[in-house]
2 protein chains.
Amino acid sequence: MPKKRVLPYILLGLINNQTKMSGYQISQEFNHEIGEFWHASHSQIYPELQRMISDGWIEPDAEVSDSKSIFYLITFDGKNILQEWLSEPLSEKDDLFSLKLYFIKNQDSPLLRELVEQQLQINSSHYEHLRSRRELVFPDEASIQNSYGHSLILNRAIERERNHINWLKSTLDNLE
Amino acid sequence: MPKKRVLPYILLGLINNQTKMSGYQISQEFNHEIGEFWHASHSQIYPELQRMISDGWIEPDAEVSDSKSIFYLITFDGKNILQEWLSEPLSEKDDLFSLKLYFIKNQDSPLLRELVEQQLQINSSHYEHLRSRRELVFPDEASIQNSYGHSLILNRAIERERNHINWLKSTLDNLE
DNA sequence: AGCTTCATGTAAGTCGTTACATGATTAC
DNA sequence: GTAATCATGTAACGACTTACATGAAGCT
């Protein structure tokens, strides 16, 4: 099966967040806030918007606009598609956690807790996996001296997971 | 200018680490250790190896091999190319830190300290940037409640940078 | 005999990039 | 008036993925 595309869902999420956006505004968004987590160039965005219109996910704003920009609104179908995508379980490899959170505005959304819990699962299993790799690959000092850079980044990866897990747990606590 | 390729340098680094590798072995590597940081499928690897031969970076092992595998050795030129690549300053966006460390076997390599210091610079500036974004975008409680998911992941990103910086600093200390 | 793994390769398709293009508006 | 930014689009190209293909070796 082909890999699931994410760009259309991001555009959907952005338009949904702002109720109304032009292609140019969307491309500017990637230079600012959401740019910390994802990027897309305008040559991707414009054709994608056309596809989304023909799929009925968005529609051009009918109101006569003074400006030169074309604004798009999310349709009823589009809102459903977006919610479906947000509800899909997180997978280990795509790392869509931050991206999906970006589209959740309300602290009380049940999705919020769900996503944090899923991500906690993923990081925990990754953490365990990395720790067992380290035990296996670096059982003694000699093996470390043998591949010092490798041992460093394995340590780093473990520390990163540990930190992420802690953050997720404390975030969960604050959601109570 | 086109984006700098990394695959050939990874293959070079892998062959250099093991002195001798077949395409199949390389593709297996991506399922194990280096797989934590990078992936490549065999349909990329085999043509890439051919290109590297014609560029004179590697050469097939001349020794008559009992096995069906074709083994490759790194050439003198290849070693230089690899060292050059490792010495190139890290850029903010590619995030080649872990990957490059993987190819540094010796704790005393001057490159080690250099890479950690460079990465520290990058993370520090990223950290400052994220903190100023948070001040700007989330000045009060109301703005947080307005985009709760976004505020969460911004906090997460800041915490991640903080953790990475701490790790890099303590790693530097241990290198003394 | 049939299935899995080893081992190498090519072909087709997708996603994303940079470059090419154009016209309107705003700033100096 | 001319340079930058706004605004939208297409074209060419590169990297990577999945699928297609083939043959040998080993296991059950």
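Every chain is numbered from 1 and lettered A, B, ... according to where its sequence line falls, protein lines coming before strand lines.
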Show the numbers, then the answer: is there a ring-ring contact (aromatic ring centres under 6.0 Å, His included) between A/Tyr9 and A/Trp57?
CA-CA 10 Å; A/Tyr9 302 101; A/Trp57 297 9; 5.6 Å; yes
Between [N] atom [atom2] and [X] atom [atom1], what is the distance in whole Å?
X	N	atom1	atom2	result
A/Gln25	D/dC6	CD	P	11 Å
A/Tyr72	D/dA7	OH	C1'	11 Å
B/Leu7	D/dA15	CG	P	10 Å
B/Ile45	C/dT8	CD1	C1'	11 Å
A/Leu11	C/dG16	CG	P	11 Å
A/Arg51	C/dG16	CZ	C1'	11 Å
B/Met21	C/dA7	CE	C1'	14 Å
B/Phe71	C/dC6	CZ	P	13 Å

From [options], nucleotide with atom closest to [X] side chain:
X	options	value
B/His39	C/dT25, C/dT8, D/dT17	D/dT17
B/Tyr24	C/dG16, D/dA15, C/dA7	C/dA7
A/His42	D/dC16, C/dA7, D/dT8	D/dT8

Please tell me which of A/Lys4 and B/Ser22 maps to the more 5' nucleotide of DNA chain C, matching each residue to the nucleotide holding its nearest heavy atom.
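Between the two, 5'-proximity favours B/Ser22.
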Most 5' of A/Pro47 and B/Ser41 on DNA chain D, judged by nearest nucleotide
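Taking each residue's closest nucleotide, the earlier one in sequence belongs to A/Pro47.
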With DNA chain D as reference, determine whether A/Lys3 or A/Ser27 sits nearer its 5' end, using the nearest nucleotide of each.
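Between the two, 5'-proximity favours A/Ser27.
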Presence of salt bridge, B/Glu88 and B/Lys4, under 4.0 angstrom:
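Yes, charged N to carboxylate O under 4.0 Å.
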Could you check whether B/Glu159 pairs with B/Arg156 (Lys NZ or Arg NE/NH1/NH2 to Asp/Glu carboxylate O, under 4.0 Å)?
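Looking at B/Glu159 and B/Arg156, the cut-off is not met.
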Under-3.5 Å donor-acceptor pair between A/Ser43 side chain and C/dT18 base:
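Side chain to base: pair found, below 3.5 Å.
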Is there side-chain contact between B/Gln50 and B/Tyr46, with heavy atoms separated by less than 4.5 Å?
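No - every pair of side-chain heavy atoms lies 4.5 Å or more apart.
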Given side chains that start at C-beta, do those of B/Trp85 and B/Phe103 come closer than 4.5 Å, heavy atoms only?
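Yes, at least one pair of side-chain atoms sits under 4.5 Å.
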If the cut-off is 4.0 Å, is [X] near the phosphate of [N], judged by side-chain N/O to OP1 or OP2?
X	N	result
A/Arg5	C/dT14	no
B/Gln44	D/dA15	no
B/Tyr46	C/dG9	no

Looking at every strand, decide which applies to B/Gln50 at a 4.0 Å heavy-atom threshold: base, sugar-phosphate, or nothing.
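Sugar-phosphate, no base atom in range.
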